[in-house]
Each structure stands twice: as structure tokens, then as C-alpha cells.
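First listed ligand is number 1; within each ligand, the first listed atom is number 1.
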Amino acid sequence: MNELYLQAEEFINKTYKELNKEELIPKRLKEIEHEIETSNHYNHTFEELEHGAKMAWRNANKCIGRLFWNTLSIKDAREIREDDHVFEALESHVRYATNKGKIRPTMTIFAPRRKGHTPVRIINHQIIRYAGYNFNNEIIGDPDSIPFTKLCQSLGWQGEGSHFDLLPLVIQLNDGELVWRSLQEKDVLQVDISHPELPDMNDLGLKWYAVPIISDMLLEIGGIRYPAAPFNGWYMGTEIGARNFADESRYNCLLAVAETMELDTSKASTLWKDRALVELNRAVLYSFQKVGVSIVDHHTAAEQFKKFEKNEQVANRELTGTWSWLIPPVSPAVTHIFHKEYNDQFVSPNFHYQNRIYN
Ligand code: HEM
Ligand SMILES: N/C(=N/c1cccc(CO[C@@H]2CCNC2)c1)c1cccs1
């Protein structure tokens with residue numbers, strides 16, 4: 001029996017049951033069987049694509065934000081074939097998702113792989129991200145972006161060399177040459193980081209972009225693979241405050257924050273790193289909330305995840321999760337997640353990592 005048909009059959013059965021359209025299953029499976037026989041591929045209806053993408057989010061084991069899986073907005077970009085139109089769809093995604101700060105979880109889905117070809121690939125890790133440079137061992141910007149920034153420079157892009165240069169969009173059509181285009185600054189909402197009580201925190205000159213849009217993962221639905229399906233939610237504050245700003249291999253700000261707080265950094269046992277971390281995370285949440293940009297703290301996110309667990313139980317679906325990713329990097333043991341185990345089984349539809357064409 002055809003492997004693709006078996007995956008399609010499992011997806012159609014599950015999806016049409018969830019959508020209360022079981023009576024349509026036999027006819028739909030016949031159509032798909034015929035399409036696969038003649039072309040070793042089948043096309044999803046928009047409804048199948050939309051629900052499949054929502055199921056993929058629901059099955060994303062590393063995601064703490066899954067309570068809202070059924071609210072995902074889908075943009076169907078499967079017919080787009082020209083680079084200008086790909087760039088326009090991505091800029092439209094940024095504007096729609098940003099929504100002046102009231103972020104809308106959104107996914108734009110480009111054409112699937114067929115006959116070993118990839119119609120559209122987005123090379124960026126995220127649609128919006130800051131450049132990183134290593135000027136003779138003086139690191140500027142986001143170290144995580146150094147390889148991709150080098151690729152952009154090799155394509156002719158030039159940054160200003162600041163800590164917060166917006167990287168360009170880089171795409172590849174039909175496994176061909178790379179094409180790049182800068183985002184319009186006016187479309188990119190960014191938040192300056194200040195602290196509710198510590199005024200010197202502003203002097204660190206920290207800011208971050210509002211909308212995280214992952215663009216390098218592959219979406220698989222019923223055996224069909226979508227290598228370009230950028231998706232966004234909103235941030236959990238710790239991602240910015242405890243990782244992007246705090247990791248030594250990222251912006252490495254903890255000592256600077258401790259110094260503005262005049263903490264004793266002479267020995268670890270003063271817990272100066274922990275005190276700086278909490279205030280930096282408070283500053284991130286405060287700054288986003290002050291300008292009306294959606295963000296969630298890690299305690300609220302954990303409570304929402306607990307509600308998700310309950311909903312899945314009521315819906316008679318096995319909950320799957322990756323414990324080590326679901327626990328937040330700040331105060332993990334004050335969340336319920338830390339104190340239970342999760343079945344880390346892979347369930348389709350889902351997301352997959354894919355090869356990076358640069359390094
Ligand atoms: C709505 C707000 C959302 C929040 C607060 C949220 C939060 C998170 C966090 C904190 C992580 C871990 C990231 C890391 O540690 O680097 C994560 C991972 C993930 N999320 Fe969500 N998420 C949200 C929405 C979404 C949406 C809309 C999708 C897809 C439709 C999604 C799919 C994923 C996937 C696939 C991962 C794992 C990424 C990887 O393996 O690298 N999330 N999420
Ligand atoms: N808040 C988020 N956080 C992330 C979700 C998925 C991935 C990432 C970044 O993952 C990188 C690779 C492993 N850690 C950093 C961050 C979202 C991004 C897109 C939708 S929600």
C-alpha cells in the first residue's frame with residue numbers, strides 16, 4: 001500500500017471527525033487515492049490545510065503556548081511562484097500578525113515539496129531578527145546571527161554595524177539562487193526596555209522586536225511537506241529576558257544589569273545573577289505591557305498550559321510534551337510543569353527541523 005496514502009487516510013479520518021464531517025470521509029479518500037495514483041501527490045483543501053496547521057501547533061511538544069491552538073490564522077500562499085510576491089506575502093504577514101501590538105498568531109503557508117523540488121524556502125531562522133558581527137573578536141549584535149549575517153553580506157546586504165540591525169529576508173525559489181530584500185522599518189514594531197523602578201536600566205540601551213516569526217521549520221500534514229510555513233505567536237518574557245539578553249553566547253547583559261543595580265558581584269553566593277535576572281525579566285514584561293504589545297509571563301503561561309492539558313483530556317486526546325523545553329528558564333520549579341512527566345511522543349501533523357543551507 002502507498003505510504004503517502006496511509007498518511008493521508010490517517011489525517012483525513014482524524015480531521016473530518018474533529019470537524020464533524022465524517023460523512024464526507026469516503027468520498028474524500030476516493031478522490032485522494034485517485035490523485036495519489038496519478039501524481040504521487042494530493043492537494044489539501046483550504047479547510048484541511050487550516051485544521052492541519054492547527055493540529056501541528058497542538059502537537060508541538062516543545063510549546064508551552066498550545067492552549068490557543070484553535071485560534072491560529074492561516075494565510076494560503078500555495079499559488080505564489082515569484083520572489084516579489086513571496087516578499088509581499090511575508091511583509092503582509094508581519095503587518096497582520098503585529099496588529100499594532102495586539103499580536104495575532106498567524107501562519108503563512110507556501111507551496112509544498114513535489115517530485116523532489118522545493119518551490120519556496122525561507123533561509124531566515126526568524127523573519128525579524130538582529131544581525132551579529134565579529135569584528136576581529138569584538139562581537140556586535142546577536143552572536144546567534146553571525147553565520148546568517150555573513151551569508152547576507154555575501155549576497156550584497158550591508159548592515160550599519162549596530163547591536164540591533166534588522167536582517168533582510170532571504171528566500172530561495174525552486175532550489176535556485178538566493179534572493180534578498182530588506183524589511184520596511186515602519187512594519188517592524190520594536191520595544192525599548194526600561195524598568196518600573198530602576199531608571200538606570202534604560203541606559204543599557206536594550207530593545208527587542210515585538211513579534212517572533214519562526215520561518216525555517218517544515219510543516220508536515222498528512223504526508224505532505226510544506227518547507228516554507230512561517231508562523232508567529234507572542235513572546236513569553238523569559239525568552240527575551242532570560243535567554244536572548246542573558247545568555248553569555250547572546251547579548252550577555254547580566255553583569256551590566258547587576259552593576260546598574262549596584263549589586264555585589266564579587267562572589268556567586270550573593271546571588272547577584274539571580275537578582276539581575278529577575279529585574280531584567282520584570283523590565284521586559286513591564287516594557288512590552290507599557291506599549292500594549294502582547295507578551296506572557298512564565299507563570300501565566302504555565303497556568304494556560306495546565307488548562308490546555310485539561311482540555312486535551314476532555315477531548316480524549318493523549319497529551320504529548322517535551323519536559324526539558326516546557327519548563328521555563330526562570331523559576332521552573334514554581335510551575336506545575338516541573339513536577340510532572342510528559343510523554344514525548346511524535347504525533348503528526350507537526351513541525352520538523354530542516355537542513356540549514358549556510359553555516
Ligand atoms: C501564542 C503564543 C505562543 C507562545 C507564548 C509560545 C511559547 C513558546 C516557547 C517559550 C517555546 C520554546 C522556545 C525556546 O525555548 O526557544 C515554544 C516552542 C515552540 N512553539 Fe510555541 N508559542 C506560541 C505560539 C506558537 C505557535 C502559533 C506555533 C505554531 C503554529 C508554535 C509552535 C512552536 C514550536 C514548533 C516550538 C518548538 C520550536 C523548536 O523546536 O525549536 N508556538 N513556544
Ligand atoms: N514565542 C515563540 N517562541 C519560539 C517558538 C519556537 C522557536 C523559538 C526559537 O527557537 C530557537 C531554536 C531553539 N531555541 C531558540 C522561539 C514563538 C515563535 C513563533 C511562534 S511562538
Just going by heavy-atom distances, which of [options] is nearest to [atom]?
| atom | options | answer |
| --- | --- | --- |
| atom 38 (C) of ligand 1 | Arg243, Met236, Met217 | Met217 |
| atom 7 (C) of ligand 1 | Thr300, Ile64, Asn350 | Ile64 |
| atom 18 (C) of ligand 1 | Arg104, Gln304, Lys62 | Lys62 |
| atom 4 (C) of ligand 1 | Trp57, Trp234, Trp69 | Trp234 |

Closest approach of any protein heavy atom to [atom], naming residue and atom:
| atom | value |
| --- | --- |
| atom 35 (C) of ligand 1 | Phe351 CD1, 3.6 Å |
| atom 20 (C) of ligand 2 | Gly233 N, 3.0 Å |
| atom 34 (C) of ligand 1 | Ala60 CB, 4.0 Å |
| atom 14 (C) of ligand 1 | Trp325 CZ3, 3.7 Å |
| atom 32 (C) of ligand 1 | Phe231 CE1, 3.6 Å |
| atom 7 (C) of ligand 2 | Ile214 CD1, 3.5 Å |
| atom 17 (C) of ligand 2 | Pro212 CG, 3.8 Å |
| atom 43 (N) of ligand 1 | Cys63 SG, 3.4 Å |
| atom 16 (C) of ligand 2 | Glu239 OE1, 3.4 Å |

Would you kindly say whether [X] and [Y] are connected by a side-chain donor-acceptor distance under 3.5 Å?
| X | Y | result |
| --- | --- | --- |
| Tyr130 | Gln190 | yes |
| Thr15 | His51 | no |
| Lys62 | Ser324 | no |

Output for pair (Ile36 CD1, Glu9 CD), nearest 0.5 Å, gives 9.5 Å

Atom pair OG1/CG of Thr322 and Asn61 - distance to nearest 0.5 Å: 4.5 Å

Heavy atoms, side chains only, cut-off 4.5 Å: are [X] and [Y] in contact?
| X | Y | answer |
| --- | --- | --- |
| Tyr133 | Ile146 | no |
| Gln313 | Leu319 | no |
| Tyr96 | Lys75 | yes |
| Arg121 | Ile171 | no |

In terms of atom number and element, which parts of ligand 1 are under 4.0 angstrom from non-hydrogen atoms of Tyr353? 39 (C), 40 (O), 41 (O)

Ligand 1 versus Phe68, non-hydrogen atoms closer than 4.0 Å: side chain, backbone, both, neither? neither

Per-residue contact class, Asn232 against ligand 1 - non-hydrogen pairs under 4.0 Å: backbone

Could you check whether [X] pairs with [Y] (Lys NZ or Arg NE/NH1/NH2 to Asp/Glu carboxylate O, under 4.0 Å)?
| X | Y | answer |
| --- | --- | --- |
| Glu279 | Arg282 | yes |
| Glu33 | Lys30 | yes |
| Asp192 | Lys207 | no |

Under 3.5 Å between some N or O of ligand 1 and some N or O of Glu239? no

Residue pair Ile109, Leu49: steps toward the side-chain contact (heavy atoms from CB on, under 4.5 Å) verdict: CA-CA 9 Å; Ile109 305 176; Leu49 187 73; 3.7 Å; yes

Measure the acute angle between the ring planes of His44 and Phe11, then classify it against the limits of 30° and 60° as parallel, tilted or perpendicular. perpendicular

Numbering the atoms of ligand 2 from 1, which are under 4.0 Å from a heavy atom of Asn232? 19 (C), 20 (C)

Just jot down the ligand 2 atoms closer than 4.0 angstrom to any heavy atom of Trp234, in number order. 1 (N)

Measure Phe231 to ligand 2 on non-hydrogen atoms and call it side chain, backbone, both or neither using the 4.0 Å cut-off. both

Does ligand 2 have any atom sitting under 4.0 Å from a heavy atom of His125? yes

If you measure from each heavy atom of Trp325 to ligand 2, is any distance below 4.0 Å? yes

Say whether Ile103 and ligand 1 are in contact under the criterion: heavy-atom distance to a ligand atom below 4.0 Å. no

